[in-house]
Amino acid sequence: MNVTFTTAENEFRSEVRKYFEEEFPQDVLEKQRKAIPLTRDDTVRWHKHIYRKGWAAPNWPVEYGGTGWSSVQKYIFYDEQARASAPAFLPFGVSMVGPIVYTFGNDEQKKRFLPDILEFNTWWCQGYSEPGAGSDLASLKLRADLKGDHYVLNGTKTWTTLGQYADWIFCLVRTSSDVARRQEGISFVLVDMNQPGVSVKPIVLLDGEHEVNEIHFDNAHVPIKNLVGEEGQGWTYGKVLLQHERTAITDFASSKYMLKNLRNLCAKSIKSAEPLSKDQNFMRKVAAAEVELKALEYTELRTLASVASNKAPGPESSILKIVGTELRQRIDSLYLEASGYYALPYVRDQYDLSYSEKNRVGEGSETNASLVYFNNRKVSIYGGSNEIQKNIIAKHVLGL
Amino acid sequence: MDFSLNEVQTMLADSIEKFIANEYDFDTRQKHSESNLGYSEEVWKKFAELGWTAVPYSEEDGGFDGGPVDMMVIMERLGRGLIVEPYLANIVLAGGALRRAGNSAQKSEWLHPIINGELQATLAFTEPQARYDIANILTTAVRDDESFIINGSKGYVLNGGNSKLLIVPARTAGNQKDQHGITLFGINSDTEGVSIQGYETIDGQCAAEIQLTNVSLTAANVIGEVDGGFETLQLVIADATFAISAEAVGIMNVLTEKTIEYTKNRTQFGVPISSFQALQHRMVEMYTACEQSRSIMMWAAMAVTENGEISAHAIHSLKYQICIAGTRVGEEAVQIYGGMGVTWEMDVAHYFKRLTTINLMFGNADWHLDRLANLSDP
Ligand SMILES: Cc1cc2nc3c(=O)[nH]c(=O)nc-3n(C[C@H](O)[C@H](O)[C@H](O)COP(=O)(O)OP(=O)(O)OC[C@H]3O[C@@H](n4cnc5c(N)ncnc54)[C@H](O)[C@@H]3O)c2cc1C
């Protein structure tokens, strides 16, 4: 047993670190450090930057423009990305629809969609959930009726993250209701949102941000060439995608650096207050989270090591989503507590780099703790809620 | 990066597993535990023959140069088998002190027979007033010309009733809680002034209360430096903490596996109780606790400093995790077994008791968490 990295792996780490420290757009990093939401432009700009570096798709095969990195290199890359407080890749293109297209799509679809995903010329969003279909996704109703060479879509998708910025949406739709199992009759289609039949309505979340949307389809058109794979097989393709989503959500690396920073924050005295490091009760909670984090780190590394030696990830990988999201929420609540009263001001203008320092209430970063805390309640709900994850482990890992 | 065992470790693991499967079922374990001695001498000899008792020692001392990973392999399996034979007391505690601080005469007199399974030994690591602070020592060793006169009492001495060799930390200088001024003595249990009251413990093992009244020793009994025994003591206890944590990981896994099996076979309301979601989610949590504990155990096994000792940070983290996860897994297993879980007859109850014991040894969750909280840069 050993957890040492090879010389080549360590050199790779230095290269990635240097990129984030010196080349990556530094204003984006600053916003990230202050938990200021990124604009659409920011997001497009940094994705294009990383594309020019050749690192836009660590998870793709080389033939489609992937990096060809080993699983250890990927781990190192994501670790450095988080260490620099760089934002994580927007998953909808590169982690979600991209792999579906290169796995199940035809050559024409690959040529048409993959390069734009890679270069971030198109912004994708995910249309799975519906008002009546959340955890029970197979009960989805959005209808797609074949009329000549195109489908006509009618119905509603909801919770669509950043759909307000998107050019395209990939959807699970119902192409047939006359089926034995509800999982049948579902198809996977790619929909151009720039058409009169598609309208986007904002849903504001509890932190006041417009992050998700309800999307209405009113006789929207989808040419049949935008059907991925076979009609009626969408559920099988969609399931593969959920696997990608679950491991991505864990976001272990950013939890690691947040917790490190929390120790530093505790050691400092904010506005002449007694440093929190003197508060044994609080520091015990920090320490407990650190133990959980260390365990999670090694569960991740164990998974990584089995993948690296070409074995399937062991059953231990199934717990990553639950443990990772619970830990993340625990860390967020520690930040909340650490901020005290100054978690409470809700001065939205000051979540902007141009806001005058003189007028800032509190210390800026601490006042964002509550918004991060509120926003991240989502991580145990989406991507298959943690209860659904437990159902899956009970059935497929424990055989219950 | 590699989490697999090497060839030697795999063979070691296999041989212990085979022994448990073929020769150490639960009824046999109970028989050993309930015997006068509290374990089986025959089994202990076998451990020595198979070389398991030699693993952590250097080749020079007659051992196999095993490190924490090897110890992990052994202890996890001893946990799975709920073994009562005194491996911890002899090999990790007494032998651990001797291999670190003993001179060559002491090694041939004491360590070699320990490794050969011929001498029963232990380390008296705590006193009634000390709780988990191993520096808290009231037992005194007063120099009188060429000899040391020892007075004091030691509590919960594992394997104390059966041990011919007692390794006893006593104060040669300093105040009650000072780390400096502690000296380790090797004492033959039949020395005048040593009185031993042996008893059973809740986990089916044995311990003793020991009184030392004007026990007269010479410099030959001193293990290591006079006044300088604390460091050894601390390293041995860290090692022992690691060992029982690995044992706990073995136990937690057995409990989780057994609970899953039990729920598949137990029918209520016309269906196996494994179909109830309230129970499924709790078993997923037990499983998660096992995996997370295994992960942190593996980290600890690899978090060694240049001198081959596990870092204090790793030990505190591991034991904290084990206390929290172990309590959860043990209590849940019993709950999910229902009435059967609280009967003496069921092995589950005894695994639970051993976990509970481990929880209270060498620092509970709060003890270790306090130390972690105070680290400035973990
Ligand atoms: C911020 C945010 C962003 C999202 N982004 C997207 C997106 O971009 N695209 C998209 O398609 N979807 C998105 N989602 C939707 C997300 O996938 C769903 O919210 C999720 O699947 C849960 O569905 P639901 O909200 O309808 O809750 P419900 O399914 O109604 O669940 C309510 C509660 O019941 C529990 N529950 C449900 N079924 C079971 C069961 N069988 N056993 C035990 N407990 C159960 C759940 O765990 C939950 O606690 C997003 C959600 C959020 C909050």
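Computed over heavy atoms, backbone and side chain alike; hydrogens, waters and symmetry mates excluded. In the text below, chain A, chain B and the rest are named by the order of the sequence lines, each starting its count at 1.
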Search all heavy atoms of [X] against all heavy atoms of [Y] and return the closest pair with its distance.
X        : Y        : value
B:Lys264 : A:Gly399 : CE-O, 3.0 Å
B:Leu372 : A:Arg263 : O-NH2, 3.1 Å
A:Ala287 : B:Leu369 : CB-CD1, 3.6 Å
B:Val284 : A:Lys390 : CG2-O, 3.5 Å

Non-hydrogen atoms of chain B under 4.5 Å away: do they reach the side chain of [X], the backbone, both or neither?
X        : answer
A:Glu292 : both
A:Val286 : neither
A:Thr4   : backbone
A:Glu387 : both

Next item on the list: Return the option, out of A:Val397, A:Leu301, A:Thr6, with the maximum number of heavy-atom pairs under 4.5 Å with chain B.
Entry: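 Sorted descending by pairs with chain B, the first entry is A:Leu301.
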
Check: Which one, B:Asn6, B:Ile324, B:Ile296, B:Ile260, leads in non-hydrogen pairs under 4.5 Å with chain A?
Finding: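 It is B:Ile296.
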
At a heavy-atom separation under 4.5 Å, does [X] approach chain A through its side chain, its backbone, both, or neither?
X        : answer
B:Met298 : both
B:Asp2   : both
B:Glu257 : neither
B:Thr263 : side chain
B:Ala314 : neither

Item checked: side chain to side chain donor-acceptor pair (under 3.5 Å) partners of A:Arg377, counting only residues at least two apart ->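 With neighbours one apart ignored, the set is empty.
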
Check: Taking only residues two or more places apart in sequence, or in another chain, which ones meet A:Ser333 in a side chain to side chain donor-acceptor pair (under 3.5 Å)?
Finding: none

Next item on the list: Evaluate the side-chain contact (heavy atoms from CB on, under 4.5 Å) criterion for residues A:Ile322 and B:Thr288: first the C-alpha distance (whole Å), next the side-chain angles of each, then the deciding distance (0.1 Å), finally the verdict.
Entry: CA-CA 9 Å; A:Ile322 299 174; B:Thr288 304; 5.6 Å; no

Would you compute the distance between atom [atom1] of [X] and atom [atom2] of [Y] and round it to the nearest 0.5 angstrom?
X        : Y        : atom1 : atom2 : answer
A:Glu297 : B:Gln292 : CD    : CD    : 11.5 Å
A:Thr303 : B:Glu291 : OG1   : CD    : 9.0 Å
A:Leu398 : B:Glu261 : CG    : CD    : 11.0 Å

Side-chain contact test, heavy atoms from C-beta onward, threshold under 4.5 Å: evaluate it for [X] versus [Y] and give yes or no.
X        : Y        : result
B:Ser4   : A:Met1   : no
B:Asn374 : A:Met283 : no
A:Glu9   : B:Met1   : no

Item checked: No-hydrogen, no-angle side-chain donor-acceptor test under 3.5 Å, B:Gln277 and A:Asn391 -> yes

Note to self: Testing the 3.5 Å rule here: is there a donor-acceptor pair between the side chains of B:Ser317 and A:Glu290?
What the structure shows: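 There is no such pair between these side chains.
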
Next item on the list: Could you tell me which residues satisfy ring pair (Phe, Tyr, Trp, His ring centres under 6.0 Å) with B:Phe362, sequence neighbours excluded, listed by chain and number?
Entry: B:Phe125

Next item on the list: Starting from the C-alpha separation in whole Å, work towards a yes-or-no answer on side-chain contact (heavy atoms from CB on, under 4.5 Å) for B:Met283 and A:Ile393.
Entry: CA-CA 10 Å; B:Met283 287 185 271; A:Ile393 298 172; over 6 Å; no

Check: Has the side chain of B:Arg294 got a donor or acceptor atom that lies under 3.5 Å from a matching backbone atom of A:Thr299?
Finding: no

Notebook entry, point to check: Going by the angle between their ring planes, with limits at 30° and 60°, are B:Phe3 and A:Tyr298 parallel, tilted or perpendicular?
Noted result: perpendicular

Next item on the list: Residue by residue, scan residues 67-81 of chain B and write down, ordered by number, those that have a heavy-atom distance under 4.5 Å to chain A; if none do, write 'none'.
Entry: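 So far as heavy atoms go, B:Val69, B:Met72 are the residues that approach chain A to under 4.5 Å.
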
